[in-house]
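Everything below concerns the one structure shown next.
Treat the numbers as computed from the prediction; the structure is a model and nothing was measured. All values below were derived from every heavy atom in this structure, side-chain atoms included, with hydrogens, water molecules and symmetry-related copies excluded.
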Amino acid sequence: GQTRERARSKLSSIIADALDKVENDLFAAAEASTSRAEQQLLFETMSQVKKHRADITGSFDRFFIEAFERRIATRRLSKEKTQELKLEELTLFDDSAMEEELVVNDLARKTRNRLDQDELMGIRARLGHLLSTEDLEDSGNPLSPETVFEALRLSCAKIPGDFAIKRSLLNAFQPHVAAGMSAVYADVN
């Protein structure tokens, strides 16, 4: 609980600071773009950020805690449940949901590549110990970049418009989240 709260507090601060910078980043990207459609998309994203800033920051905490707890619960369930998957448990996967998952995974990968690897290994070891496992993979790590970007994706989901606007916003968040995650990891370690 203390680890989760410490990480949530630091990440909330990073997201709030990033929101201040994202508008400028989006404006600079729109000015640099030669595509009229891309410029419109970036300006629309800026507009939505201004309108929904409070919603994004307010819901991030809740979604981060949910994602954190879900990864811990999934880890516990996978230890307890070793039976085979049943056919009735399978569902179809929506193309848009798959696209969103791919975007989140790509942003998380870019972020992970920019992290201090010693801090990342420390987080895996310490959280692995708390979760009673020797080899904590990113899929079970409640403080992985995937967890942070999943919470961000859900926070941005209520913004009106198609996923292109949300993808632009998530892409604008990525460098700021990557810069702050090492500090979060150092603090938690």
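One finds the SG atom of C156 at 4.5 Å from the CD1 atom of I159 (value rounded to the nearest 0.5 Å). We find the CG-CZ distance between L102 and R167 to be 11.0 Å, quoted to the nearest 0.5 Å. Here the NE2 atom belonging to H52 is positioned 11.0 Å from the CG atom belonging to L169, to the nearest 0.5 angstrom. Atom OG in S182 sits 8.5 Å away from atom CD in Q117 (nearest 0.5 Å). In this structure, CG on D55 lies 10.5 Å from CD on Q48, to the nearest 0.5 angstrom. The line from CG of D116 to CD1 of I123 is 11.0 Å long, rounded to the nearest 0.5 Å.
Checking N189 against R126 by side-chain atom types alone, a donor-acceptor pair falls below 3.5 Å.
Side chain of T133 to main chain of L136: no donor-acceptor pair is present (N/O by atom type, distance under 3.5 Å, no hydrogens or angles). A side-chain donor-acceptor contact under 3.5 Å links T57 to the backbone of A54. Although no hydrogens or angles enter the test, the distance criterion places a donor-acceptor pair under 3.5 Å between the side chain of Y185 and the main chain of L143. Between the side chain of E69 and the backbone N or O of A67, no donor-acceptor pair lies under 3.5 Å. Put simply, the side chain of N105 gets close to the backbone of E101: a donor and an acceptor are under 3.5 Å apart. Between the side chain of T45 and the main chain of L41, a donor-acceptor pair closer than 3.5 Å is present. For the pair Q39 (side chain) and A30 (backbone), a donor-acceptor distance under 3.5 Å is present. Although no hydrogens or angles enter the test, the distance criterion places no donor-acceptor pair under 3.5 Å between the side chain of K10 and the main chain of E5. The closest donor-acceptor contact from the side chain of R153 to the backbone of E100 lies at 3.5 Å or more, if one exists at all.
Across all their heavy atoms, I165 and G161 have their closest contact at CD1-CA, 4.1 Å. Summarising the geometry of A7 relative to V188, their closest heavy-atom pair is CB-CG2, 4.3 Å, with the distance given to 0.1 Å. Residues A172 and L26 come closest through the heavy atom pair CB-CD2, 4.0 Å. For R70 against E150, the heavy-atom pair with the smallest separation is NH2-CG, 4.2 Å. Pairing each heavy atom of T111 with each of A178, the nearest pair is CG2-CA, 3.6 Å. Of all non-hydrogen atoms in P142 and L131, the two that sit nearest each other are CD-CD1, 4.1 Å.
Using a 4.5 Å heavy-atom threshold, the side chains of L107 and P145 count as separate.
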For E146 and R71: C-alpha separation, side-chain torsions, deciding distance, then whether salt bridge (charged side-chain N to carboxylate O under 4.0 Å, His left out) applies.
CA-CA 10 Å; E146 287 85 357; R71 284 183 182 253; 5.1 Å; no

I'd like to know whether V103 forms a side chain to side chain contact (heavy atoms under 4.5 Å, CB included) with K166, so could you lay out the CA-CA distance, the side-chain angles of the two residues, the decisive distance to 0.1 Å, and finally the verdict.
CA-CA 10 Å; V103 167; K166 296 163 184 100; over 6 Å; no

How far apart are the C-alpha atoms of M181 and H176, what are their side-chain angles, what is the distance that settles it, and do they pass the side chain to side chain contact (heavy atoms under 4.5 Å, CB included) test?
CA-CA 9 Å; M181 285 286 292; H176 303 290; over 6 Å; no

Go through the steps for R124 and E119 under the test salt bridge (charged side-chain N to carboxylate O under 4.0 Å, His left out), then give the verdict.
CA-CA 9 Å; R124 284 180 180 157; E119 294 293 347; over 6 Å; no

Stepwise salt bridge (charged side-chain N to carboxylate O under 4.0 Å, His left out) test for D106 and K110
CA-CA 6 Å; D106 185 51; K110 288 178 185 176; 3.6 Å; yes

Does F149 form a side chain to side chain contact (heavy atoms under 4.5 Å, CB included) with Q174? I'd like the steps, not just the answer.
CA-CA 8 Å; F149 279 101; Q174 191 275 328; 3.9 Å; yes

Side chain to side chain contact (heavy atoms under 4.5 Å, CB included), that's the test. Do T147 and S144 meet it? Break it down for me.
CA-CA 5 Å; T147 305; S144 68; 3.1 Å; yes

Apply the test side chain to side chain donor-acceptor pair (under 3.5 Å) to residues E44 and Q40: give CA-CA distance (whole Å), side-chain angles for both, the deciding distance (0.1 Å), then the verdict.
CA-CA 6 Å; E44 177 62 23; Q40 286 180 310; over 6 Å; no

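A chain of hydrophobic side-chain contacts below 4.5 Å, direct or via other Ile, Leu, Val, Met, Phe, Trp or Tyr residues, connects L170 to F27. F43 and F163 fall within a single hydrophobic cluster, where Ile, Leu, Val, Met, Phe, Trp and Tyr are joined by side-chain heavy atoms under 4.5 Å apart, directly or via other members. Linking Ile, Leu, Val, Met, Phe, Trp and Tyr whenever their side-chain heavy atoms come within less than 4.5 Å leaves V177 and L154 in two separate clusters. Under a hydrophobic clustering in which Ile, Leu, Val, Met, Phe, Trp and Tyr are joined whenever their side-chain heavy atoms come within less than 4.5 Å, directly or via other members, F63 and V49 fall into different clusters.
Open room surrounds CZ on R6; 12 or fewer heavy atoms of other groups in view lie less than 6.0 Å from it. Within 6.0 Å of the CD atom in Q2, the count of heavy atoms belonging to other residues, nucleotides or ligands does not exceed 12.
The aromatic rings of F64 and F60 lie parallel to each other, their planes meeting at an angle below 30°, with 60° marking the opposite boundary.
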